[in-house]
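To keep things clear, I will list the structure first and then write my remarks on it.
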Amino acid sequence: MFSLFTQKRHPLSKLYSHYSQEEKSIILAILYLAGSCDNAAIGFSNARIEKELNVLNSLVDIFGVKAEKSLSLMQIIGPDRLILKLASFEKSKIDTVLIMVVEMLCCDGKPNEEELNFLFTVLDSVNISPAVFMNQIQTNDVMYRYFMA
């Protein structure tokens with residue numbers, strides 16, 4: 001039966017149905033940190049911030065998690081412990097989050113020093129060396145080009 005109160009879910013939400021609500025909140029909070037890690041260093045730019053917000057808002061829609069919940073979680077446990085929580089995720093989920101972090105860092109242009117430092121901090125927290133990560137990114141790029149050609 002049709003219900004007026006059924007919320008329409010984003011078509012990509014099924015891809016993340018095996019993620020818990022807490023994991024989704026942690027991911028959004030980490031991506032918020034990634035997007036804002038260089039604000040103090042280079043100042044606020046409406047165009048740059050808008051690109052970062054678009055990425056965050058699309059994931060809020062896909063995850064079906066309120067952004068306020070993620071920000072509250074970050075404020076309660078703090079950025080350092082938030083990033084450490086990522087280490088408890090399954091490897092496949094960590095890999096997905098790392099790609100999301102890179103997308104967030106690159107959505108407004110080439111990553112700067114603060115953004116790269118953030119990425120290295122996240123990699124360190126999940127015990128992945130930058131060299132291993134770069135190899136993984138290059139492998140993913142080759143596979144993408146092969147299948148999308």
Side-chain angles (χ1 to χ4, degrees), residues 5-130 132-134 136-141 143-145 147-148:
F5 301 105
T6 302
Q7 182 180 6
K8 186 175 180 181
R9 297 187 66 189
H10 194 284
L12 294 177
S13 65
K14 288 183 181 182
L15 290 173
Y16 301 97
S17 62
H18 62 290
Y19 287 64
S20 71
Q21 291 296 332
E22 181 184 22
E23 288 173 330
K24 292 175 185 178
S25 292
I26 289 169
I27 293 167
L28 287 174
I30 288 171
L31 294 176
Y32 174 81
L33 288 172
S36 61
C37 69
D38 63 340
N39 286 345
I42 62 173
F44 292 98
S45 161
N46 286 339
R48 187 177 57 77
I49 291 173
E50 187 173 320
K51 291 176 183 176
E52 293 167 344
L53 285 175
N54 284 338
V55 172
L56 283 173
N57 286 331
S58 67
L59 286 170
V60 165
D61 290 342
I62 293 168
F63 286 172
V65 173
K66 294 186 185 260
E68 296 85 18
K69 182 178 178 182
S70 293
L71 292 176
S72 175
L73 178 67
M74 182 181 62
Q75 291 170 347
I76 290 169
I77 67 171
D80 294 334
R81 286 185 43 213
L82 180 75
I83 293 172
L84 288 176
K85 281 190 165 281
L86 180 61
S88 68
F89 283 28
E90 298 169 15
K91 174 149 177 30
S92 63
K93 291 179 181 180
I94 291 171
D95 292 343
T96 300
V97 173
L98 291 174
I99 298 223
M100 290 176 177
V101 167
V102 169
E103 179 184 356
M104 177 60 78
L105 297 177
C106 295
C107 74
D108 60 348
K110 186 176 178 179
N112 60 38
E113 185 177 346
E114 288 80 13
E115 291 171 322
L116 291 175
N117 286 338
F118 179 82
L119 177 61
F120 294 144
T121 298
V122 173
L123 290 172
D124 187 52
S125 76
V126 295
N127 297 317
I128 297 176
S129 74
V132 167
F133 180 69
M134 286 306 299
Q136 181 180 346
I137 292 293
Q138 290 169 345
T139 301
N140 291 347
D141 184 51
M143 289 175 58
Y144 177 80
R145 290 173 194 261
F147 288 111
M148 299 307 284

F89 side chain reached by I26 side chain, heavy atoms, under 4.5 Å
yes

State the CG-CG distance between L119 and L123, to the nearest 0.5 angstrom.
4.5 Å

Student check: side-chain heavy atoms of L56 and M104 closer than 4.5 Å
yes

Derivation and outcome, side chain to side chain contact (heavy atoms under 4.5 Å, CB included), residues E115 and N112:
CA-CA 5 Å; E115 291 171 322; N112 60 38; 3.5 Å; yes

Which class fits the ring pair Y19 and F63: parallel under 30°, tilted 30 to 60°, perpendicular over 60°?
parallel

Any side-chain heavy atom of E113 within less than 4.5 Å of one from N117?
yes

From S13 OG over to L59 CG, what is the distance, rounded to the nearest 0.5 angstrom?
12.0 Å

Going by heavy atoms in the side chains, are F118 and I83 under 4.5 Å from each other?
yes

With heavy-atom distances below 4.5 Å as the criterion, would you say the side chains of L84 and D80 are in contact?
no

Compare every heavy atom of K24 with every heavy atom of Y16, then report the nearest pair and how far apart it is.
O-CE, 3.3 Å

How about T139 and Q136: do any of their side-chain heavy atoms sit closer than 4.5 Å?
no

Nearest heavy-atom contact between D108 and K51 is CA-CD, 4.0 Å

Euclidean distance, L15 CG relative to I62 CD1, rounded to 0.5 Å
8.0 Å

CZ of R81 to CG of L86: how many Å apart, nearest 0.5 Å?
15.0 Å

Would you compute the distance between atom SG of C107 and atom CD of E50 and round it to the nearest 0.5 angstrom?
11.0 Å

Do V122 and L33 have side chains that approach each other closer than 4.5 Å (heavy atoms only, starting at C-beta)?
no

Quickly, which of K85, H18, K93 forms a side chain to side chain donor-acceptor pair (under 3.5 Å) with E23? Name it, please.
K93

May I ask you to decide if S25's main-chain N or O and S70's side chain share a donor-acceptor pair within less than 3.5 Å?
yes

Rounded at 0.5 Å granularity, tell me how far CD1 in I99 sits from CZ in F133.
6.5 Å

Would you sort out whether I128 and L98 count as a side chain to side chain contact (heavy atoms under 4.5 Å, CB included), showing the intermediate values?
CA-CA 10 Å; I128 297 176; L98 291 174; 3.7 Å; yes

Under 3.5 Å: donor-acceptor pair, side chain of S72, backbone of E68:
no

Could you tell me whether the side chain of L31 reaches within less than 4.5 Å of the side chain of V101, counting heavy atoms only?
yes

